[in-house]
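Every chain is numbered from 1, with letters handed out A, B, ... down the list of sequences. Side chains included, hydrogens not; waters and symmetry mates left out as well; all remaining heavy atoms used. Because the structure is predicted, anything quoted here is derived from the model rather than measured.
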There are 2 protein chains.
Amino acid sequence: MSDRLPPLTALRAFEAAARHMSFAGAAGELNVTPAALSFQIKSLEEHLGHPLFRRLNRAVELTEAGRALLPGATEGFGALAQAWRAARRVADTKTLTVTAGPAFTAKWLAPRLFGFAQAHPGIELRFSATLRLLDFDRDEIDVAIRFGKGDDEGLFSRTIIDEWMTPMMTPELARKMRTPEDLKSAVLLHQDDTAWLTPPADWGAWFRAAGLGEAPKGGPRFSQADHAVDAALAGGGVVLGRLSLTYGALQDGALVAPFPLALTTDAHYRFVCPEGAESRPQVAAFLDWILEQTAEMADYDPDRPVIDAADVAQ
Amino acid sequence: MSDRLPPLTALRAFEAAARHMSFAGAAGELNVTPAALSFQIKSLEEHLGHPLFRRLNRAVELTEAGRALLPGATEGFGALAQAWRAARRVADTKTLTVTAGPAFTAKWLAPRLFGFAQAHPGIELRFSATLRLLDFDRDEIDVAIRFGKGDDEGLFSRTIIDEWMTPMMTPELARKMRTPEDLKSAVLLHQDDTAWLTPPADWGAWFRAAGLGEAPKGGPRFSQADHAVDAALAGGGVVLGRLSLTYGALQDGALVAPFPLALTTDAHYRFVCPEGAESRPQVAAFLDWILEQTAEMADYDPDRPVIDAADVAQ
DNA sequence: ATTTCACTTAAGTAGAACTTATCTGAATGT
DNA sequence: ACATTCAGATAAGTTCTACTTAAGTGAAAT
């Protein structure tokens, strides 16, 4: 009846047995024989000086002492298992799990991945493309690329792209668009995934910034920005293209941005990871690589006139 | 690099070592040699495939993997230790820990304890007299005697005394108190520990119930009711005595209650324990004994006129 | 230069934990 | 009514974990 902890393997056997409400089931889970499990429980009961299970004909049920022990035991082993997973993730320098929004994943990360994989053949990348904010610990994420103006308190955070946006279209379509006024009769592609930005950085804001009055209503709406860009690439209309998602298309001429005026906001892409994790080799390598890639983008068209969306907010 | 839990003894060795930031210290805590602890840490690091400590000349420090593992490991073992303590308490049928307020402990429990000890020589009682509400699990309390009108949700609860209160004094003093009006010029003893009751059950309420108008201000105040009773026993004044605290004194004539009118409230003494714990042998024995003792009190002076304090609330 | 301190390593050992095999005793099924 | 089955208990023997003592290492303290 010691006050210290009992043998931990016996305690784990108990936890499994109580969870399964079956010695045989618990034995299966722990990959031991039922006999071994029976001994473990017995030894634990001897330590306690009191039975933990009441043996019925064809089943077992917990005694009150067992009921007192179970919840804390489950909680304890759960915490240990989660801690071990966290340590394994940190110890694992081979894999790097990154989460980013679908648009950024499709239009920025995916096309450049090959380069990273070549530069770091030892690092195995995993992607989790979702708009949902994932929890670093719970979801076992190493790095998140987030868009917005989060404060990232308690996290390591670096702004990686100074985003701006301007009307973009295929070169063919651009031939018909001589002046910004021509946009009033064009098919304008809308993207809803940045609708939560305040001030909004949408067609309305760009039209006001360009002194064109109210933007025309209507035009297809896309829940994700990359789909709007794809539609523009297919010649389906004019998109208010974000530099991050269109840099490649602008480089190879698939899209053009004929009108200089660009909008910007204080919402940017950030590289975010838990404080301290930025020094882990894979994380550092990934950050270095991203900064290298985005430095090139920052040099693109530096003379373009840029207006902050906040200055034309209604 | 298994996904399952590592050897638990090794994990415990790590937790102690990280907490002490010293292998030798941890070895001391676990009553093993430093050599054994060194092996445990090494084995854990092999399981993880990564070091957990960085060995410095004369000290150790945690690697990042170690920092990721430590908090969850501490939490996990903490939960296991607490669960084990809870199980030990339930399994222990020899001791019974009771908490009650100081007044009830002094005036009701303590004088009767000898009887319980005689009837149940195998049960070792422990008392924790405090007005603070203790947590059954955290403070390792089996039974609480609480006064008030708590809802006791999720707990086993029995009202044990239908409390009422009436002016009480020594027989000598009573000779000068022919009618309730005489109380206006008497020394009234006040007790503050039931001041939180709504409606209040104090001298003001009793005077109103007796149709005597406003109670006189002034008179000594006691933070705990048993001290007010002691003052009354010493002939120091008239106390608005609670049946539970004065039953013994009334029985042996040390106090008398010359005026029939009594006040009551819906706040009573309850026997409270965690749901299910009422079937544990010591707990059941204690409840049976208390109910037996209080049944006798309930028979005392059943014809006394009783007014609810709520009916004379201002 | 010597001592000391904290951890490591080596070799050997006690005992915990596991195995296979057999046993018990009640519910199930015909 | 009887054999079957199922869940757990027990026995005996084995493997291997966890521990011990004893010697070793290397940097810091004296």
- [ ] Please determine, by modelled atom types, if A:H50 and A:E45 share a side-chain donor-acceptor pair under 3.5 angstrom.
- [x] no

Open item on the list: Please tell me if A:R55 has a side-chain N or O lying less than 4.0 Å from either OP1 or OP2 of D:dA9.
Closed with: yes

Kindly list each side-chain donor-acceptor pair under 3.5 angstrom involving residues 65-80 of chain A, sequence neighbours excluded, with atom names and distances?
unit_1, atom_1, unit_2, atom_2, d
A:R67, NH1, A:L62, O, 3.4
A:T74, OG1, A:E15, OE2, 3.1
A:T74, OG1, A:L70, O, 3.1

Open item on the list: How long is the straight-line distance from CZ of A:F156 back to CD of A:E278, given to the nearest 0.5 Å?
Closed with: 4.5 Å

Task: Between P of D:dA7 and CG of A:L56, the distance in whole Å - done: 14 Å

TODO: Check each residue of residues 8-28 of chain B for a non-hydrogen atom within less than 4.0 Å of any atom in DNA chain C, then write out the ones that pass by number, or none.
DONE: B:S22, B:F23, B:A24

TODO: Using atom types as modelled and distance alone, determine if a side-chain donor or acceptor of A:D135 lies under 3.5 Å from a backbone N or O of A:R138.
DONE: yes

- [ ] Check whether any side-chain heavy atom of B:I160 lies under 4.5 Å from a side-chain heavy atom of B:I145, and answer yes or no.
- [x] yes

Open item on the list: Please report the distance, rounded to the nearest Å, between CD1 in A:I41 and C1' in D:dA7.
Closed with: 14 Å

TODO: Give a yes or no on whether a salt bridge exists between B:D137 and B:R85, defined as a side-chain N under 4.0 angstrom from a carboxylate O.
DONE: no

Every protein N/O within reach of nucleotides 28-30 of chain D N/O, cut-off under 3.5 Å:
unit_1, atom_1, unit_2, atom_2, d
D:dA28, OP1, B:N57, ND2, 2.3

- [ ] Give the rounded distance in Å between these two atoms: CD of A:E61 and P of D:dA7.
- [x] 17 Å

Task: Donor-acceptor contact below 3.5 Å, side chain B:T294 vs main chain B:I161 - done: no

Task: Rounded distance (nearest 0.5 Å) linking atom CZ of A:F286 with atom NE2 of A:H120 - done: 10.0 Å

- [ ] Could you please name the option among D:dT20, D:dA18, D:dA9 that lies closest to any side-chain atom of A:S38?
- [x] D:dA9

Open item on the list: Quick check: do B:V283 and B:L287 have side-chain heavy atoms less than 4.5 Å from each other?
Closed with: no

- [ ] With the side chain counted from C-beta on, respond yes when B:T97 and B:F127 share a heavy-atom pair under 4.5 Å apart, and no when they do not.
- [x] no

- [ ] With the side chain counted from C-beta on, respond yes when A:F23 and A:R55 share a heavy-atom pair under 4.5 Å apart, and no when they do not.
- [x] yes

Open item on the list: Looking only at the side chains, is there a donor atom on one of B:T95 and B:E124 sitting less than 3.5 Å from an acceptor on the other?
Closed with: no

Task: Boundaries of the chain A footprint along DNA chain C (any atom under 4.0 Å from a heavy atom) - done: C:dA17 to C:dA27

Open item on the list: Taking the cut-offs as 6.0 angstrom to the six-membered ring centre and 45 degrees off its axis, would you call A:R112 and A:W108 a cation-pi pair?
Closed with: yes

Task: Listed partners of A:Y269 passing ring-ring contact (aromatic ring centres under 6.0 Å, His included), at least two apart - done: A:F104, A:F147

Task: Relative orientation of the end axes in the helix from C:dA1-D:dT30 to C:dT30-D:dA1, expressed as an angle to the nearest 10° (five pairs per end) - done: 30°

Task: Distance, rounded to the nearest Å, where B:K42 contributes NZ and D:dC19 contributes P - done: 16 Å

- [ ] Look at all strands and tell whether B:A59 reaches a base, only sugar-phosphate, or nothing, counting heavy atoms closer than 4.0 Å.
- [x] nothing

- [ ] Please report, rounded to the nearest Å, how far the P atom of D:dA9 is from the CG atom of A:L37.
- [x] 9 Å

Task: Euclidean distance, atom CD of residue B:E29 to atom P of D:dC19 [Å, nearest integer] - done: 14 Å

